[in-house]
Amino acid sequence: MSQTITQEFIKLRDRYIESQFSRMNPMQRKAVLSVDGPLLILAGAGSGKTTVLVNRIANIIGFGSAWGCEEIYREPTQEELDQLHSCVVKGEKVPESLMPLMRWKNARPWNVLAITFTNKAAQELKERIGKMLGPDLGEDVNASTFHSACVRILRRDGEALGYPRSFTIYDTDDQKRVFKEIYKELEIDEKFLPMKSAMSQISRYKDQMVSPEGAEDLAGDIRNRQVARIYKHYQDRLRKAGAMDFDDLIYNTVRLLADHEEVRQHYQEKFKYVLVDEYQDTSVAQFQLVRLLCSGTGNICVVGDDDQSIYRFRGATIENILSFEQQFPGAQVIRLEQNYRSTSHILDAANDVIQNNAGRKGKTLWTDLGQGEKVEYYQADSEQMEAIHIAEIIGKNLKMGMKLRDHAVLYRMNAQSGPIETYFARAGIPYRILGGQRFYDRKEVKDILSYMAIVANPQDDLRLRRIINEPARKIGAATVDRMGDLAVQQGIPMLEVCRHAQEYATLSRAAGALNGFIKIYDQLEETAEEKPLDEFVRDLLDITGYRQMLKAQGEEGQTRLENLGQLVNSVKTYCDQQGAQASLEGFLEEVALISDIDSYDENADSVVMMTLHSAKGLEFPQVFIVGMEEGVFPGEMSRYAQEDLEEERRLCYVGITRAKKKLCLISSRSRMLFGRTQYNQPSRFLGEIDPEHLEMTGNVAGQGANQNGYGSYGGYHVPGGRSGYSGTSYGQSTGYGGYSAQRTASSTSYGGYGGYTGGGGIRSSGYGQSFAGSTVKEATPTQGGKHQYKPGQWVEHKTLGRGQVLSVKPTGGDCIVEVRFDRVGVKKTMANYAPMKPVEE
DNA sequence: ATCGATAAGATCGAC
DNA sequence: TCTTATCGAT
C-alpha cells in the first residue's frame, strides 16, 4: 500500500520539478534536469545558455538528483501525496514542509563551482541565481573566472608550492619589466628574439603545462633554446619576488592539485558540481584543472560553442570542446539550436558564413522571430563615409524611437575606432569605447598601486624598483642596479639592502637618499597598520610626495591627480563593499583581475564601440560591422593559413550574431591604416552570404564591383599596383585636425569605481558627458532639422566655438555642414547632431 | 634629470 | 599616422 504512495509521489515529484522549468524549451529543460555525470551543452549564439546555466544550478541546489530518480528521503504519507498533487494541478509551489521529500542529494550553494569568462558574467550569474533562490543562496555559489578561482585556491594552499600566501600577481606590464631585465642579464638581442615572441611563447608553454625543464627538452633550434633559458630565469625571478603572472595562476593550481593529494581531495569534496562556461575558449591547462576538480564526483557540465572559439591566438584549444566526449566517457551531449536573439535574415547570414569552416561540430541555428529586415551591405568610399553612413542610420533609428545604447559599432582592430570616434565627436553623437588603455594601466595609478603592493609584500623588488625614485629622490638607475645585485648575492629582498645601505661600501654615496626612502616606507607601513584602507591610500599620496609632484606638473598633472582621486574612490567603494573583510591584499587582487568588459554598463545611453572580440556575449538591436575588407577582416596575417582564416570566420560569425534586429556590414574602397592608404577588396565573408539575405546600399554599381557586388576578386580594379597599396594618399586629408586633442579631452569620464559599477577603461565622447541627461534630446534630429544653415551663416558650437558656414550638403535625413571655426579651423559637422546653433554676426 | 630627436612598431586581449 | 621607447645632449 505505502509502496504505491511512494511510487505515486515520485512520479508526481518528477512532474513537479519539470513544471518548475516549464519556461524552457525541451532541449534546455533536458540540460537543466540532467544533473549528474559529464554533460556537454553545445549552445549556439543567443540560445539562452545563461538561462540554462542559472536554472541548472537552481535545480542542483533545489532538487539535486531527485528528477528521474527513485530515491526518497522517507516514505511520504497519503496526506503529503495529496498536497503535492494539488500543487502540481494548481501550478503552485510546494510548501517548505514538503521540500525534504522533493530533493535528493541536493548540493549546498558552496558545493557548486561555476566558471565564467569574465568577472561580470560571474556576477551576473550570482545575481540571477539569487533572484531564483534568494540572494543569500546566490551569494554562496562559487561563481568566478578561472583566474579568481585559482587565486583563492593558491592563497589558501599555495604554500605547498613554495609561494608565500600573499604572493603578488604580475600583469603584462610587470612581466615586460622582468623580461627586460633578463634580456639585459643574458645579453639577448631583441632583434634576434623579439621580447613579444618570447613572452607569448612562454605564455603558450604555461597554457600547455610545459615546465621550464620541459621547454628545454622540447627546444630544437637556437631560438627555442634561448626561450627555454629565458623561461627558467623568468620563473626564478618570479619565485624570488613571490609573484605569479596570470598564466602561473592556472599552471600552479594544476601543479598543486596534481601533486598534492590532500589538497586535491579537499577541493574535489568541496566542489561537487563543476560548470564551465565558454568552454571553447579554454586552454590545455584549464582543461586539466577542470578534470582534476571534477574527477571526484564526475559531475562536470561544460557549455560552449565551437563556432565561437576566437581565442586560439591566446592559447585556447578548440580541441577541448571537440574531444569532450572522448575525455569524459559517457558524456551526454545536448544541442541548443533555437536562437532567441536575431531575426532570420541575420541568422541565416551567420549560418551561411560559418558553414564554410571545416572541423566543426555542426549545428544550424533557427529562430521563430520572423524574417525581419535584410542585412544591409554598404560599400563606402572611405572610412569617413563609413562613419557618416553609420551616423545617418543612427539618426533614422533614433527618430523611430530607438535608443543610442541600442547601437554598437564593431571592428577588427582598435585602430579602426579613430575615424568613427572623430566623426561621432564632431557630430555630437554620444559614444563610448570599450578597450584601449585600462584605468588600472595608467602610469600614475600603477605607481600608487605599486606603493601599496610593496607594503603588502616587501619582497616585491619589481614594484620597488618602479617607485623607489618616483617622485625623484636622487636614487639613480646605477644605485638601484647595485642594490639589485647585492640583493641577489645575499638572497634577501632589495628593501632589506636599502634599509642597511650604510653597511655596503658601494652604496655609501646614495646612503642618505636610500635612508630617506626607508623613512617613507616605514611611515607607510605604520599608516597601513593604524588606519583604514581608504585613509591609508589617501595619506599615501602625501607621504610619498606623489601628490606634490603632480601638482607641480600643471594641467597634465591635474588630470593624473584626478585619476588618483578615482583610485581613492575605488578603494573606498571596495571598503564599503567588503566591510570588515577589506584588506590591502584583497584590494590589490581584485584590481589585478579586473577587465574592461567588466565595467561595461549597458544602461548608459550612448553608442558603444568595441572590437569584435570584446563583443562576445553581448547583443544589440542594431549592429554595425565596419572594415569588411580583405586585409582588414580577415586580417592580413590570417589570410593564408587555413586555421587562422577559420578563426577569423568564427569571429565574423560572433559579430553577425550580436545583432537582434538590424545588421549593417560596411566595407570601404579606400582605407588609411598605419599611415598608408590601402585599396582593399570587399571581404570574402560578404560573398559567403546568400544575396537573398542582403540588401546592398551605397554606390555599389559604379565602382567595378561584380554582379553580386562583392566577393569576386579581380572585378575591382586596384589603383596603384596589385598589392593593394598605394603610396599616395586618397585626398582624405583635409579638415582633419584636432584628432588627438579630441581624444585626450574626452578621456576623463570615470564615474564611480571603475571595475565594479562601470567606467574603468571606457573612453567616452566629451559631448556625451557634457550633455549627460539631455543627451538624447540634443542628439535626436528633428524633422527637417532643428536649425537651418546656409553658407556664410555664423554659428556657435558648444565646444568648438564660433565659426562661419562654408558649405551645406544634404545626406540622408541630415546635412553635412562645413564650418570654419575661429579657434580650430575647418570642420565638418552634422546639422542635426552637432551641439551648434546659428547666431547673428 | 629632463627634453627633444629619432627609430621602430603597429591584431585580436580574458585574467 | 601616431605612439612609444631609447639615446644623446643640455
Side-chain angles (χ1 to χ4, degrees), chain A residues 115-122 144-151 169-172 175-176 180 190-191 194-196 199-200 203 206-207 244-251 277-278 281-283 285-286 309-316 383 410-416 418-419 422 434-438 440-441 443 469-477 553 589-598 610-617 627 631-639 644 647-648 650-652 654-655 671-678 729 732-733 736-737 739-740 743-744 755 761:
Chain A
I115 294 175
T116 56
F117 200 62
T118 61
N119 289 305
K120 185 170 176 254
S144 65
T145 60
F146 271 107
H147 296 264
S148 348
C150 288
V151 170
I169 301 169
Y170 276 6
D171 64 19
T172 338
Q175 271 183 67
K176 241 189 237 152
K180 219 175 258 173
E190 261 228 71
K191 295 242 167 50
M195 234 165 67
K196 267 189 87 177
M199 278 174 74
S200 79
S203 181
K206 291 184 186 175
D207 285 336
M244 296 190 201
D245 65 21
F246 288 131
D247 303 313
D248 287 333
L249 296 177
I250 314 284
Y251 180 95
D277 195 9
E278 307 283 10
D281 285 324
T282 51
S283 66
Q286 286 168 338
S309 160
I310 53 173
Y311 284 107
R312 201 172 69 97
F313 71 92
R314 201 166 70 182
E383 63 267 31
L410 310 181
Y411 35 79
R412 179 66 237 268
M413 297 175 278
N414 278 124
Q416 286 170 260
T422 317
L434 262 70
Q437 205 194 20
R438 293 190 320 159
Y440 291 102
D441 285 341
K443 183 191 181 296
N469 202 32
E470 193 76 38
R473 298 192 178 96
K474 300 235 155 68
I475 304 172
Q553 278 177 15
E589 182 178 312
E590 200 143 334
V591 161
L593 298 176
I594 276 173
S595 75
D596 267 358
I597 200 77
D598 287 339
M610 68 185 101
T611 61
L612 286 151
H613 280 90
S614 1
K616 192 175 75 164
V632 177
F633 187 34
E636 190 61 39
M637 310 298 278
S638 31
R639 274 211 277 170
D644 291 336
E647 177 138 322
E648 294 281 297
R650 291 191 291 267
L651 190 56
C652 184
V654 167
R671 177 176 304 278
M672 182 126 79
L673 215 55
F674 303 136
R676 286 267 137 125
T677 301
Q678 297 171 216
S729 131
Q732 296 296 333
S733 48
Y736 207 61
Y739 174 82
S740 54
R743 238 173 145 87
T744 1

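To find a chain, count down the sequence lines: A is the first, B the second, and so on, and within it residues start at 1.
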Atom pair distance, as rounded to whole Å: NZ in K180(A) and P in dA5(C): 7 Å
Whole-Å distance separating the NZ atom of K616(A) from the P atom of dA14(B): 11 Å
From CZ (F146(A)) to CG (D277(A)), nearest 0.5 Å: 10.0 Å
Which residue lies more 5' along DNA chain B, comparing K474(A) with K196(A) via nearest heavy atoms: K474(A)
M413(A), nearest nucleotide to its side chain (from dC12(B), dA10(B), dA14(B)): dC12(B)
Plane angle bin for F313(A) and H613(A) - parallel if under 30°, tilted between 30 and 60°, otherwise perpendicular: perpendicular
Contact nearer the 5' end of DNA chain B, comparing K191(A) with L651(A): K191(A)
Selected nucleotide, minimal atom distance to H613(A) side chain, candidates dT11(B), dC12(B), dA14(B): dC12(B)
Nucleotide dT2(B), atom C1' - distance to CD of E470(A) in whole Å: 13 Å
D207(A) bridged to R314(A) by N-O distance under 4.0 Å: no
Short side-chain N/O contact from S638(A) to OP1 or OP2 of dT11(B), under 4.0 Å: no
dG13(B) OP1/OP2 closer than 4.0 Å to side-chain N/O of N414(A): yes
T611(A), nearest nucleotide to its side chain (from dA14(B), dG13(B), dT6(C)): dG13(B)
Distance, rounded to the nearest Å, where M199(A) contributes CE and dG9(B) contributes C1': 16 Å
Length of the line joining I310(A):CD1 and dT11(B):C1', which is rounded to integer Å: 13 Å
dC12(B) pyrimidine/purine six-ring stacking with F313(A), under 5.5 Å and 30°: yes
Distance, nearest 0.5 Å, that separates CG of L651(A) from CZ of F633(A): 4.5 Å
Residues L673(A), E383(A); criterion side chain to side chain contact (heavy atoms under 4.5 Å, CB included); working and verdict: CA-CA 10 Å; L673(A) 215 55; E383(A) 63 267 31; over 6 Å; no
Watson-Crick or G-U wobble mate for dA7(B), both contacts under 3.5 Å: dT4(C)
Minimum-distance nucleotide (side-chain atoms of R412(A) versus dA14(B), dT11(B), dG13(B)): dT11(B)
Closest to the F674(A) side chain, choosing from dG13(B), dA14(B), dA10(B): dA10(B)
Nearest listed nucleotide, side chain of M672(A), among dA14(B), dT1(C), dG13(B): dT1(C)
Closest non-hydrogen atom pair between I169(A) and E589(A), with its separation: CD1-CG, 4.2 Å
Between C1' of dC12(B) and CG of L410(A), the distance in whole Å: 13 Å
Spacing of Q416(A) atom CD relative to dA10(B) atom C1', expressed in whole Å: 13 Å
Closest to side chain of M637(A), choosing from dA14(B), dT11(B), dT6(C): dT11(B)
Atom pair distance, as rounded to whole Å: CZ in F117(A) and C1' in dC12(B): 11 Å
